[in-house]
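Order of the sequence lines fixes the chain letters, A, B, ..., with proteins taken first and strands second; residue numbering starts at 1 for each chain.
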Amino acid sequence: MEETKKSLNFIEQIISDDLASGKHESIITRFPPEPNGYLHIGHSKAICLNFGVAERFNGITNLRYDDTNPEKESQEYVDAIRRDIEWLGFNVDDRIYFASDYFGKLYEFALDLIKKGLAYVDDSTAEEMAGMKGDIDKPGTDSPYRSRSIAENLSLFEGMKNGDFPDGARVLRAKVDMAHPNLLMRDPVIYRIKRQHHHRTGDDWCIYPMYDFAHGQSDSIENITHSLCSLEFENHRPLYNWFIENLGIFPSRQIEFSRMNVTYMITSKRKLLKLVEDGVVTGWDDPRMPTISGMRRRGYPPMAIRTFCDKAGVTKRDQTLDIGFLEECVRQELNRTTDRIMAVLNPLKVVITNYPEDKVEDMKIVNNPEEENPSYRTIPFSRELYIDHSDFREEAPNRKYRRLAPGKIVRLKSGYIIECEDYVKDETTGEILEVRCKYVENSRSGEDTSGLKPKGTLSWVSAKHAVSAEVRLYDRLFNDPSPTKHKDRDFMEFVNKDSLSILNDVKLEPSVLERKSGECLQFMRIGYFAIDETSTPDKMIFNRTVTLKDTWAKIQRK
RNA sequence: AGCUCCGUAGCCUAGCGGUCGAGGGCUCCUGAAUUUGACUCAGGGAAUCGCAGGUUCGAAUCCUGCCGGGGCUUCCA
């Protein structure tokens with residue numbers, strides 16, 4: 001059966017046309033992060049787009065660090081960015097570049113512009129320049145230095161490069177048009193003096209190119225055919241093209257798409273940094289962070305993030321995706337890949353009164369029923385078990401209730417059917433301390449001849465075999481879907497104070513001790529949990545990745 | 001206000017002049033099945049295609065105007 005061809009997004013259509021018309025024989029895209037922060041969910045869209053589109057059209061993608069502002073950049077970020085991209089599953093081994101590698105060429109480009117009479121050294125202060133820039137509806141005025149001779153510009157620019165002038169004393173500007181309706185075209189600054197140690201070029205340079213002078217030319221140097229960026233750079237495109245035309249270099253084409261927003265998440269590097277610095281979270285990789293490293297630690301599988309980005313699509317409209325959609329992608333991926341284990345978050349002791357004191361049975365249980373050829377393991381069953389507090393009520397609330405209550409029977413998953421006879425309650429606190437049940441001897445899972453049909457199935461753990469662990473329950477970091485969209489309120493006001501709650505005595509089946517750090521498991525009937533990187537066999541720590549869908553909770557809410 | 005981009009259900013998206021009395025996904029609702037109230041399956045609800053004109057035998061698709069929303073006035077990227 002022919003699969004219906006997936007439609008092309010608008011960028012893929014452009015590429016497809018360029019290939020069909022012969023404008024390009026093959027394509028090259030690039031992902032150009034500035035190494036001044038960690039990659040987040042928004043970047044993952046750009047990554048998936050650039051690498052995905054290249055893959056689709058048999059092209060290639062460069063990772064290019066846009067490291068032209070040493071003030072904020074560092075090797076730490078360079079490493080983290082690469083790790084995140086590779087974790088998402090994209091190979092960049094032999095295609096890693098740095099804008100800083102082009103500083104020499106960029107300098108030559110600047111010289112070329114000066115010689116063509118298209119760039120000049122300006123001695124004005126930043127304030128003076130701002131004053132001459134004009135306004136949104138007022139044309140700017142020419143700088144008094146705009147008409148300097150080529151020779152003077154050449155020597156002054158060389159002086160800038162040689163460190164003859166203090167930081168900020170002069171800048172190199174492109175000579176475009178001070179009356180241009182697009183503010184970015186009013187003689188933009190293209191080089192500034194900044195004595196700042198660069199993480200790669202060290203102290204080789206004391207002048208650094210601005211974004212507009214570095215980005216397009218770097219694209220061009222690498223023969224990038226399609227330079228995909230977010231909408232905020234739309235106004236930069238005329239400048240991007242102006243430099244390429246006037247320099248007469250390879251014409252890369254910039255195409256803008258809307259960036260991805262996700263409800264209850266923020267994607268401003270500055271704001272994320274504030275969360276880290278203020279100690280709202282434990283670091284860039286805190287499982288509540290929308291960073292790729294945070295999502296990794298949380299247990300989100302890379303494929304889920306990729307699927308999410310692919311399903312989100314690529315357009316130029318403002319895009320705000322429901323965080324529930326992301327979580328659904330995570331569940332879908334985890335459902336097919338994770339093993340199910342027995343876990344009890346809030347342990348309540350169950351004593352099987354008619355089960356022998358010292359008897360232990362190995363019960364067979366499937367690891368992951370979604371696999372084509374499922375494998376099995378065993379878990380111990382004994383007289384004293386734990387079930388979850390939420391699975392017992394002193395009285396069934398309604399006919400839909402399928403769990404345990406006095407007089408009710410229930411199936412213990414992969415174990416026996418039990419009937420509740422009695423329970424022990426602390427009369428002062430009202431807390432249920434213990435539930436007493438009888439098991440049905442011929443109801444053993446897989447060989448049940450009892451004929452009983454309990455409505456509910458509970459998860460359980462043998463008390464004396466249980467492993468106690470810490471479980472971190474994460475909730476959304478903000479309690480407002482768009483914390484940064486309020487004109488009169490700071491996003492920090494919306495931080496969810498209850499975004500983390502810790503359970504210290506979660507009971508797990510003993511097989512968890514064999515699981516590796518980072519592994520994600522389904523706690524049956526509860527959710528997906530990833531073993532934290534700080535977890536040890538002596539003290540296991542799990543991060544809740546996402547809950548399972550919970551229809552019962554929905555019914556109760558009504 | 002000047003430039004620029006965008007406007008299809010609560011959210012994302014398909015659509016490229018007739019096959020659209022607008023398709024898909026998420027969400028929502030109902031039912032079936034179930035040793036996970038998960039997964040799966042069946043069905044259902046939800047869209048004045050921003051508005052108004054125009055072109056055309058025919059417009060979500062083309063044109064014009066209007067309305068609404070976003071971005072831009074850093075020696076950041």
Exercise for review: Provide, to the nearest angstrom, the distance between the NZ atom belonging to Lys45(A) and the P atom belonging to C12(B).
Suggested key: 11 Å
Check your understanding: How do Asp137(A) and Lys133(A) order along RNA chain B: which one's closest nucleotide is nearer the 5' end?
Key -> Asp137(A)
Check your understanding: Across the strands shown, which category fits Ala126(A) at heavy-atom distances under 4.0 angstrom: base, sugar-phosphate, nothing?
Key -> base
Review point. What does Lys455(A) touch in the nucleic acid at a heavy-atom separation under 4.0 angstrom: a base, only the sugar-phosphate, or nothing?
Key: nothing
Practice item. Quick one: label Tyr211(A) by what it contacts on the DNA or RNA (base, sugar-phosphate, nothing), any heavy atom closer than 4.0 Å. Key: base
**Study point:** Base-pairing assignment for G58(B) (Watson-Crick or G-U wobble, both under 3.5 Å)
**Key:** none
Review point. Mind checking who A22(B) pairs with, Watson-Crick or G-U wobble, both distances under 3.5 Å?
Key: none
**Study point:** Side chain Glu73(A), main chain Tyr65(A), donor-acceptor under 3.5 Å
**Key:** no
Check your understanding: Under 4.0 angstrom, heavy atoms only, what part of the nucleic acid is Pro209(A) near: base, sugar-phosphate, or nothing?
Key -> sugar-phosphate
**Study point:** 5'-most by nearest nucleotide on RNA chain B - Ser443(A) or Glu71(A)
**Key:** Ser443(A)
**Study point:** Pairing of Asp448(A) and Arg411(A) as salt bridge, 4.0 angstrom limit
**Key:** yes
Exercise for review: Just call it for Thr547(A): base, sugar-phosphate, or nothing, with non-hydrogen atoms closer than 4.0 Å on any strand.
Suggested key: nothing
Point to revise | Parallel, tilted or perpendicular: ring planes of His215(A) versus Tyr240(A), cut at 30 and 60 degrees | key: tilted
Point to revise | base_contact_polar (G37(B) base, Arg403(A) side chain, donor-acceptor, <3.5 Å) | key: yes
Review point. NA contact type, Lys549(A), heavy-atom cut-off 4.0 Å: base, sugar-phosphate, or nothing?
Key: sugar-phosphate
**Study point:** Quiz item: Arg402(A) side-chain donor-acceptor pair to U36(B) base, under 3.5 Å
**Key:** no
Exercise for review: Determine the contact category for Arg336(A): base if any of its heavy atoms lies under 4.0 Å from a base atom, sugar-phosphate if only primed atoms, P, OP1 or OP2 are that close, otherwise nothing.
Suggested key: nothing
Check your understanding: Would you call the rings of Phe157(A) and Tyr107(A) parallel, tilted or perpendicular if under 30° counts as parallel and over 60° as perpendicular?
Key -> parallel
Review point. Does a side-chain N or O from Gln319(A) land closer than 4.0 Å to OP1 or OP2 of U13(B), or not?
Key: yes
Point to revise | For atom CG of Leu239(A) and atom C1' of C3(B), their distance in whole Å | key: 14 Å
Point to revise | Residue-phosphate contact under 4.0 Å: Arg525(A) side-chain N/O, G37(B) OP1/OP2 | key: yes
Review point. Does Thr457(A) make a side-chain donor-acceptor contact with the base of U36(B), cut-off 3.5 Å?
Key: no
Check your understanding: Is it the case that more than 12 heavy atoms not belonging to Lys194(A) sit under 6.0 Å from its NZ atom?
Key -> yes
Check your understanding: Base, sugar-phosphate, or nothing for Thr315(A), non-hydrogen atoms under 4.0 angstrom?
Key -> sugar-phosphate
Practice item. Could you check whether Asp135(A) gets within reach of a base, just the sugar-phosphate, or nothing at all, counting any heavy atom under 4.0 Å? Key: base
Point to revise | A52(B) pairs with, by Watson-Crick or G-U criteria that keep both distances under 3.5 Å | key: U64(B)
Check your understanding: Ile555(A) near the nucleic acid: base, sugar-phosphate alone, or nothing, with a heavy-atom cut-off under 4.0 Å?
Key -> base
Exercise for review: Check every strand shown and say whether Val171(A) touches a base, only sugar-phosphate, or nothing at a heavy-atom separation below 4.0 Å.
Suggested key: base
Check your understanding: May Trp552(A) be described as stacking on the base of G37(B), applying a 5.5 Å centroid limit and a 30° limit on plane angle?
Key -> yes
Review point. Is there a donor-acceptor pair under 3.5 Å between the side chain of Glu12(A) and the backbone N or O of Asn9(A)?
Key: yes
**Study point:** Lys311(A) NZ to U13(B) C1', straight-line distance once rounded to whole Å
**Key:** 12 Å
Practice item. Look at all strands and tell whether Lys400(A) reaches a base, only sugar-phosphate, or nothing, counting heavy atoms closer than 4.0 Å. Key: base
Practice item. Figure out the CG/P separation between Asn9(A) and C16(B), and round it to whole Å. Key: 16 Å
Exercise for review: Tell whether Gln522(A) reaches the base of U36(B) with its side chain through a donor-acceptor pair below 3.5 angstrom.
Suggested key: yes
Exercise for review: Name the nucleic acid region contacted by His236(A), choosing base, sugar-phosphate or nothing; use a 4.0 angstrom heavy-atom cut-off, strictly under.
Suggested key: base
Check your understanding: Less than 3.5 Å between a donor and an acceptor, one on the side chain of Asp550(A) and one on the base of G37(B), is that the case here?
Key -> no
**Study point:** Touch class at under 4.0 angstrom, heavy-atom based, for Arg340(A) against every strand present
**Key:** base
Review point. Taking C-beta and beyond as the side chain, do Met129(A) and Arg173(A) meet within less than 4.5 Å on heavy atoms?
Key: yes
